[in-house]
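Letters go in sequence order (proteins before strands), and every chain restarts at 1.
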2 protein chains.
Amino acid sequence: MIELVSSWRCFDGEQRVYKHDSKATGTPMEFAVFLPRRALNGEECPTLMYLSGLTCTWENMVSKGGSQRTAAELGMIIVSPDTSPRGEDVADDEAWDMGKSAGFYLNATQEPWAKHYRMEEYITQELPEILEEHFPVDLSALGVTGHSMGGHGALTLAMKNPGLFKSVSAFAPIVNPMNCPWGEKAFSGYLGSDRSTWASYDACELVKARGWKGRILIDQGTADSVLEVQLKPWAFEKACREEGVDLTLRMQGGYDHLYYFVATFLPDHIAWHYDELV
Amino acid sequence: MIELVSSWRCFDGEQRVYKHDSKATGTPMEFAVFLPRRALNGEECPTLMYLSGLTCTWENMVSKGGSQRTAAELGMIIVSPDTSPRGEDVADDEAWDMGKSAGFYLNATQEPWAKHYRMEEYITQELPEILEEHFPVDLSALGVTGHSMGGHGALTLAMKNPGLFKSVSAFAPIVNPMNCPWGEKAFSGYLGSDRSTWASYDACELVKARGWKGRILIDQGTADSVLEVQLKPWAFEKACREEGVDLTLRMQGGYDHLYYFVATFLPDHIAWHYDELV
């Protein structure tokens with residue numbers, strides 16, 4: 001059961017928002033989906049999942065990313081999940097980089113997080129089933145991208161689920177959360193102090209352990225204020241190079257971490273995923 | 001003196017926000033300007049002014065309209081003023097359709113509005129001078145568009161200032177404010193009860209009195225909740241037809257009044273203005 005919350009016609013398709021009770025998180029969850037005209041006509045379409053960053057919901061990219069224009073041109077579905085479970089009985093933290101809006105796309109094992117913070121299961125199991133049941137999503141042509149924490153989610157969940165995600169890219173991703181303040185705080189809280197459990201959520205470790213069969217595209221702004229402390233994409237570039245993984249890392253001069261940066265390169269990414277998927 | 005408030009690199013250009021003390025309104029005013037790369041290189045560029053609607057600031061279109069992509073492709077400057085004077089000593093109304101964010105692009109004559117609500121003077125005199133002084137704006141290639149109340153502003157200010165604005169279009173404009181609740185309320189407050197003073201701010205009356213030398217483009221969604229009570233574009237269509245003015249009114253099936261509608265057709269409008277101006 002999914003319930004339609006909003007629907008706006010947009011670029012001859014429809015931008016919709018749905019709500020449903022999630023088994024994975026044990027909470028109501030919202031997600032947004034852009035359906036191009038051919039999807040509204042019932043044709044199966046290649047689909048891109050976009051995972052948002054800290055402080056975001058489904059709405060940031062949907063309202064500010066301009067994704068619908070390119071998706072409509074190419075006939076792609078874009079799916080935008082929320083970044084954490086929500087609700088009064090969901091554990092939270094006063095800081096903006098932990099708890100609500102900061103689920104880090106993992107299954108928490110520690111209290112008070114373990115009950116609801118199961119975003120990995122939600123994104124990789126429950127949501128794809130919902131998409132297949134309710135929309136003309138071609139699950140054999142599903143890609144994933146994301147921004148910042150969502151870039152971390154895209155890279156790690158793709159490498160852990162190569163049968164599900166056929167293409168992966170990222171915007172200013174957290175590539176090595178085991179070695180940055182945001183990641184160390186989140187993983188300590190959600191996964192506990194045993195760092196051996198962290199590696200399965202770290203893109204740099206995963207590319208060494210599992211590799212990636214296809215190409216990877218990453219855009220990163222050079223004027224990004226968290227580039228050197230939190231993001232450090234060079235660690236992932238080095239790991240991919242050493243493992244023979246075909247990464248294109250574009251250090252984009254003068255761009256920051258915000259949505260004017262994402263909006264600038266999102267058309268490229270959508271077209272890139274289309275080429276990988278179709 | 002204008003002060004840079006924000007600047008974000010975007011589509012190889014820069015999206016900026018400036019603040020200045022306005023002589024017209026007697027208040028600080030903010031406006032946004034997108035400078036494509038060739039403007040950053042000092043080349044004069046055709047320029048489009050976008051006037052926003054009720055409840056908006058410069059930010060709504062700038063963050064949600066996707067204008068920068070098309071403007072960057074064509075090398076156009078986009079200028080986005082605020083919708084009213086702001087500040088603690090500026091008269092306001094509890095309602096969202098009067099006072100702050102609802103300046104209606106006119107010069108108020110009635111108290112308590114007359115002192116600061118001089119958006120017509122601001123948009124048509126002060127702001128063009130600022131643009132010419134500080135940016136490579138080609139004032140001989142200046143167009144204007146707008147949404148809802150801003151569509152009213154675009155149509156009326158263009159027809160009253162054909163030497164300033166060389167092209168005009170609108171999204172879901174208020175075309176006949178003398179005969180709709182939003183307009184009657186605003187004009188009664190800002191201009192007083194003598195309706196003969198209202199005609200110079202009514203697009204339907206202005207097209208009869210002054211005509212328009214060029215083409216006009218209007219997009220209007222058929223699922224717009226205020227279409228029949230506030231907007232009634234057929235009145236303007238009839239007036240243009242009778243006056244021999246070359247209006248294209250596109251009734252867009254299924255679109256509403258919000259920014260997913262504006263974002264869908266803004267690329268068309270920017271390209272259309274470019275063709276009119278260059």
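Rounding to the nearest 0.5 Å places OG of Ser63(B) at 10.5 Å from CG of Asn60(A). Separating the SG atom in Cys10(B) from the CZ atom in Phe265(A) is a distance of 9.0 Å, to the nearest 0.5 Å. Phe261(B) CZ to Arg9(A) CZ: the interatomic distance, rounded to the nearest 0.5 Å, is 12.5 Å.
Around atom NZ of Lys232(B), more than 12 heavy atoms belonging to other residues, nucleotides or ligands sit under 6.0 Å away.
Taking chain B as the reference chain and counting heavy-atom pairs below 4.5 Å, the highest number among Ala223(A), Pro267(A), Gly221(A) is found for Pro267(A).
The contact between Thr70(A) and chain B is made by backbone and side chain atoms together, counting heavy-atom distances below 4.5 Å. If you measure heavy-atom distances from Gln252(A) to chain B, you find no contacts under 4.5 Å at all.
Side-chain contact between Val62(A) and Tyr260(B) is present, with heavy atoms from C-beta onward closer than 4.5 Å. When side chains are defined from C-beta on, Asp12(B) counts as touching Tyr255(A), because their heavy atoms get closer than 4.5 Å.
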